[in-house]
Amino acid sequence: FFIFSYITQGSSYLSPWAYGVMHRMHHAYTDTDKDPHSPSFDKSIFSMMWRTKKMYSDILHQKVEVEAKFTRNVPSWRKFDLWANSTVARILWIAVYIWIYIVFAPSLWWFLLLPVHIAMGPVHGAIINWFAHKYGKVNFVTDNTSKNLFKLDLLMMGEGYHNNHHNSPSKINFAAKRGEFDFCYPIIELLAKFKVIKINRVQLVAVPRRPADLHPLGDSCGGAPLLG
């Protein structure tokens, strides 16, 4: 899994352990001053991403104390992560990208995409963590500013369904409504089939609601519980 992540992310490699911990913190502290990345507490997208970088680095190098609930069951391969996040490793990937562009780019204009290719991870993070907390539509009422960027998320391959994700953070399929499709979901299932990853499937159990939880109009609303 770590090697697959390293190959596919290249110069933008993020430690699954450090990012997993930071992502759990984001969900626990969304839109508060403890959130690792929130537009609510940063004046610009650049200051938010710089704070995110610092928090990620501090977690990776264990410069901050992290509560056990955020590290529980998060996969870890520390030696590999430290190498993959090193300056040397990133420079090697950048050299590979430059070689690919030199060999395969049909014109010099294509080299304008090289910086985006090199920094794809931060670009992706900026789009989701800034714009998906500012713009878009809401499928579910939550206690944060998360929004869905697109109805059909071709650009972010499903990651743009950020409101859906915050509503059900443990679901691996971010699509929730008709017309939505999470392009990453079948990839996740395929990786699980080939045992690159393991999906912890949870059996959902219906919890009976007390009468006080039901809508006061009862049957006139189809007998459905009041959704908050």
Side-chain angles (χ1 to χ4, degrees), residues 5 8-9 14 16 19-20 22-32 35-42 45 48-49 52 73-74 120-194 196-228:
S5 298
T8 54
Q9 294 178 34
L14 292 174
Y19 187 81
M22 188 172 69
H23 192 66
R24 285 181 173 181
M25 293 172 67
H26 169 62
H27 278 273
Y29 304 128
T30 309
D31 292 334
T32 70
D35 190 341
H37 40 71
S38 172
S40 301
F41 287 88
D42 287 291
I45 189 172
M48 183 196 74
M49 291 306 296
T52 302
N73 298 326
V74 180
M120 183 58 69
V123 169
H124 180 277
I127 292 173
I128 295 299
N129 295 316
W130 181 267
F131 293 101
H133 277 273
K134 279 182 168 290
Y135 311 105
K137 295 185 177 181
V138 172
N139 280 341
F140 304 97
V141 177
T142 64
D143 60 356
N144 56 70
T145 59
S146 61
K147 295 175 177 61
N148 293 339
L149 286 175
F150 314 101
K151 182 63 177 178
L152 182 60
D153 185 14
L154 294 172
L155 178 64
M156 307 304 292
M157 294 187 68
E159 287 286 328
Y161 299 132
H162 205 53
N163 174 248
N164 296 357
H165 175 51
H166 270 271
N167 181 69
S168 303
S170 296
K171 288 184 64 176
I172 57 176
N173 186 353
F174 287 9
K177 300 290 186 179
R178 180 178 296 179
E180 297 176 353
F181 184 77
D182 182 353
F183 290 89
C184 279
Y185 173 62
I187 297 174
I188 292 172
E189 291 285 3
L190 185 64
L191 291 175
K193 183 177 181 180
F194 285 101
V196 176
I197 62 173
K198 179 182 178 182
I199 299 173
N200 294 323
R201 302 188 187 276
V202 179
Q203 182 69 38
L204 298 179
V205 179
V207 178
R209 290 178 178 265
R210 298 167 297 159
D213 294 327
L214 301 180
H215 197 286
L217 298 181
D219 290 338
S220 65
C221 287
L226 177 63
L227 299 177

Between F150 and Y161 the two heavy atoms that sit nearest each other are O-CE2, 3.2 Å

- Validation row: H124, E159 side chains within 4.5 angstrom (heavy atoms): yes

Any side-chain heavy atom of I127 sitting closer than 4.5 Å to one from L149?
yes

### Task
Please check if any side-chain donor atom of H27 sits under 3.5 Å from a side-chain acceptor atom of H165, or the reverse.
yes

In this structure, CG of L191 is separated from NZ of K198 (nearest 0.5 Å) by 16.0 Å

(Q) Testing the 3.5 Å rule here: is there a donor-acceptor pair between the side chains of H166 and H26? (A) yes

Interatomic distance, CG@N163 vs CZ@F140, rounded to 0.5 Å, equals 7.0 Å

Is K151 close to E180 at the side-chain level, that is, under 4.5 Å between some pair of heavy atoms? yes

| request: Flag the pair N148 / V138 as yes when at least one side-chain heavy-atom distance between them is below 4.5 Å, and no otherwise. | output: no

Nearest heavy-atom contact between S5 and T8 is O-OG1, 3.2 Å

The reported gap from NE2 in H37 to CD1 in I128 (rounded to nearest 0.5 angstrom) is 10.5 Å

Heavy-atom side-chain contact between P186 and F181 under 4.5 Å: yes

Q.
Side chains of T145 and D31: any donor to acceptor distance under 3.5 Å?
A. yes

Here the gap from S38 atom OG to H133 atom NE2, rounded to the nearest 0.5 Å, amounts to 6.5 Å

Value for CG (D42) from OG1 (T52), rounded to nearest 0.5 Å, stands at 7.5 Å

Shortest non-hydrogen pair, L152 vs G179, comes out as CD1-O, 4.2 Å

Y19 and L14 have their tightest heavy-atom pair at CD1-CD1, 3.9 Å

| message | Between I188 and I197, is there a side-chain heavy-atom distance shorter than 4.5 Å? | response | yes

Does the side chain of N167 pick up a donor-acceptor pair with the side chain of N139 at under 3.5 Å?
no

Can you find a pair of side-chain heavy atoms, one from I172 and one from I199, that are under 4.5 Å apart? yes

For this session: Decide yes or no for L154 and F183: does some side-chain heavy atom of the first lie under 4.5 Å from some side-chain heavy atom of the second?
Result: yes

Taken to the nearest 0.5 Å, the spacing of K134 NZ from N129 CG works out to 13.0 Å

(message) Taking G160's backbone N and O only, do any of them form a donor-acceptor pair with D153's side chain (distance below 3.5 Å, no angle check)?
(response) yes

